[in-house]
Amino acid sequence: MSDLKNDRFIRALLREPVDSTPVWVMRQAGRYLPEYRATREKAGSFMDLCKNPELACEVTLQPLDRFDLDAAILFSDILTIPDAMGLGLYFTEGEGPKFERPIKTASDIEKLGVPDPLTELKYVIDAVSVIKSELDGRVPLIGFSGSPWTLATYMVEGGSTKTFSKIKAMMYDEPALLHKLLEKIAQSVTSYLNAQIQAGAQAVMIFDTWGGTLSTRDYTDFSLQYMENILSGLQREINGTRIPVIMFTKGGSQWLEKIASSGCDAVGLDWTIDIGEARKRVGSQVALQGNMDPCVLYASPDRIRQEVGSILESFGDGTGHVFNLGHGIHPEINPEHMQAMIQAVHELSPAFHKK
């Protein structure tokens, strides 16, 4: 990692010694920052912001200019792939993402192509290149994608859902059809992440936001299997440098051992499992990322510091921990509370890394 001025994040993912626990936050570029809101207004809409590489770079770097973070994450959206597949993504105020042409039939799936990341998703790959250049080795850049199961839920439901009724009806009634869809999405995610790696992403993360809504059998068959397919197709090294992969299934702690055995380098944890217990269960097989409840950031800075200390204490001595929230930061959070969390990690974690 010689081109990185701060490689603490990569080293922790590879379970190499670090001087302190690295910290970054899911959705660290986002609505809780006034500078982000100003840039989004300038862009016109959320997707216009995603599709402008210079503005996507601007918002990616905003949290790094404000906070002492150990990684940057590409500013984009998990729904870029279904959008590139022609489903007509749009956002409605207060309702989240929707698709004009959701997947309903076998012929809908037949018509789907695997997007070429260098044409249909060129704006994302260009953003990776611009951000990498602007970072100039300051910290590593994380690329990402949604998992096949999570992307499929939006594509079949036509947007956000609380019941998952359409996708699960397909899963139980027409499993072969859903497998065909998931296979196409897995191929798309693999080429998309490889293009991000080629453009300069130094680690990648797969977000399986809705994997936790499945039973154990269905999680294995319809979610984990396809993430494992992606892992086996990723470029994991560039010029002798390892590209670590983080896998995050929200609500997936009951399958921790299965996820840890998938071939990933690190497992993201939500806040519903004690990180010390998770470490006991997987040993040194993988690094762990997480796992403070984002709602702790509504509390006072003293309470935030106490919670940071408790998570560090639970993980214990040694490397293999990347401090993060158990899901994305909420839009209403006071940026000073984010600052309190980061400062606490920097001040309290070196004690756990003494030789």
Side-chain angles (χ1 to χ4, degrees), residues 13 26 78-79 81-82 103 106 109 112 114 144-157 160-193 204-234 236 244-275 277-291 326-327:
L13 289 179
M26 291 182 265
I78 64 167
L79 299 179
I81 286 179
I103 301 289
I109 295 171
L112 291 176
V114 172
F144 73 92
S145 172
S147 72
W149 164 258
T150 292
L151 297 181
T153 64
Y154 287 100
M155 292 164 75
V156 174
E157 297 286 343
S160 302
T161 176
K162 287 191 167 72
T163 60
F164 301 89
S165 52
K166 292 175 186 162
I167 184 98
K168 287 193 175 184
M170 184 186 284
M171 180 177 78
Y172 291 124
D173 254 350
E174 302 179 277
L177 202 57
L178 182 52
H179 281 303
K180 197 173 276 191
L181 174 60
L182 290 167
E183 183 56 48
K184 272 193 181 174
I185 301 171
Q187 289 171 17
S188 305
V189 170
T190 305
S191 65
Y192 182 52
L193 288 177
V204 293
M205 182 160 169
I206 300 171
F207 284 88
D208 187 30
T209 313
W210 301 124
T213 63
L214 293 166
S215 70
T216 294
R217 179 199 61 208
D218 296 331
Y219 175 72
T220 306
D221 291 350
F222 293 94
S223 183
L224 185 60
Q225 174 187 179
Y226 290 96
M227 291 193 284
E228 288 174 340
N229 291 356
I230 292 163
L231 285 168
S232 65
L234 287 182
R236 305 289 286 270
V245 182
I246 307 160
M247 237 157 75
F248 173 59
T249 294
K250 185 168 183 283
S253 56
Q254 69 267 43
W255 309 305
L256 183 56
E257 291 83 356
K258 285 181 184 238
I259 300 168
S261 301
S262 65
C264 64
D265 298 282
V267 178
L269 302 172
D270 67 20
W271 60 92
T272 60
I273 182 171
D274 179 86
I275 198 166
E277 183 202 321
R279 190 182 189 187
K280 282 193 194 88
R281 282 168 59 185
V282 298
S284 60
Q285 193 176 1
V286 287
L288 296 172
Q289 177 176 278
N291 65 334
H327 201 235

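What you are looking at is a predicted structure, and each value in this text was computed from that prediction instead of being measured.
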Do [X] and [Y] touch side chain to side chain, with heavy atoms closer than 4.5 Å?
| X | Y | value |
| --- | --- | --- |
| M227 | S262 | no |
| V267 | T249 | no |
| N229 | Y226 | yes |
| D221 | M171 | no |
| Y192 | V204 | no |
| L181 | V156 | yes |
| I259 | V282 | no |
| K184 | K180 | no |

Which heavy-atom pair separates [X] from [Y] by the least distance, and what is that distance?
| X | Y | answer |
| --- | --- | --- |
| D265 | P244 | OD2-CA, 3.2 Å |
| L214 | S223 | CD1-CB, 4.1 Å |
| G146 | V189 | O-CG2, 3.7 Å |

Fill in: side chain to side chain contact (heavy atoms under 4.5 Å, CB included) evaluation trace for M155 with I185
CA-CA 10 Å; M155 292 164 75; I185 301 171; 3.6 Å; yes
Item to complete: Show the numbers, then the answer: is there a side chain to side chain donor-acceptor pair (under 3.5 Å) between Y154 and W210?
Response: CA-CA 10 Å; Y154 287 100; W210 301 124; 3.2 Å; yes
Could you grab the distance from atom [atom1] of [X] to atom [atom2] of [Y], nearest 0.5 Å is fine?
| X | Y | atom1 | atom2 | value |
| --- | --- | --- | --- | --- |
| T209 | I78 | OG1 | CD1 | 4.5 Å |
| T220 | E228 | OG1 | CD | 8.5 Å |
| T213 | I167 | OG1 | CD1 | 9.0 Å |
| L178 | K168 | CG | NZ | 12.0 Å |
| Q225 | D218 | CD | CG | 12.0 Å |
| L112 | Q187 | CG | CD | 11.5 Å |

Test your reading of the model: is there a side-chain donor-acceptor pair from [X] to the backbone of [Y], 3.5 Å cut-off?
| X | Y | answer |
| --- | --- | --- |
| D270 | K250 | no |
| S261 | K258 | no |
| E157 | K166 | yes |
| E174 | M170 | no |

Discussion item. Quick one, L224 with W255, criterion side chain to side chain contact (heavy atoms under 4.5 Å, CB included). Give me CA distance, side-chain angles, the key distance, then yes/no.
Written reply: CA-CA 10 Å; L224 185 60; W255 309 305; over 6 Å; no
Fill in: Plane angle bin for H179 and F222 - parallel if under 30°, tilted between 30 and 60°, otherwise perpendicular
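Rings of F222 and H179: parallel, as their planes differ by under 30°.
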Discussion item. Over 60° means perpendicular and under 30° means parallel, so tell me whether F207 and F144 are parallel, tilted or perpendicular.
Written reply: perpendicular
Item to complete: For N291, enumerate each residue passing the side-chain hydrogen bond (donor to acceptor under 3.5 Å, both in side chains) test, keeping only those at least two apart in sequence or located in another chain.
Response: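 With sequence neighbours excluded, N291 shows a side-chain hydrogen bond (donor to acceptor under 3.5 Å, both in side chains) to no residue whatsoever.
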Response to the item:
Per side-chain contact (heavy atoms from CB on, under 4.5 Å), C264 is matched among L13, I230, L231, I206 by L231
Worksheet item: Does R281 have any salt bridge (charged side-chain N to carboxylate O under 4.0 Å, His left out) partners at least two apart in sequence or in another chain, and if so, which?
Response: E257, E277
Item to complete: Go through the steps to decide whether M26 and F248 satisfy the test side chain to side chain contact (heavy atoms under 4.5 Å, CB included), and finish with yes or no.
Response: CA-CA 11 Å; M26 291 182 265; F248 173 59; 4.1 Å; yes
Discussion item. Show, in sequence, the C-alpha distance, side-chain angles and deciding distance for L151 and L79, and conclude whether the side chain to side chain contact (heavy atoms under 4.5 Å, CB included) test is met.
Written reply: CA-CA 7 Å; L151 297 181; L79 299 179; 4.1 Å; yes
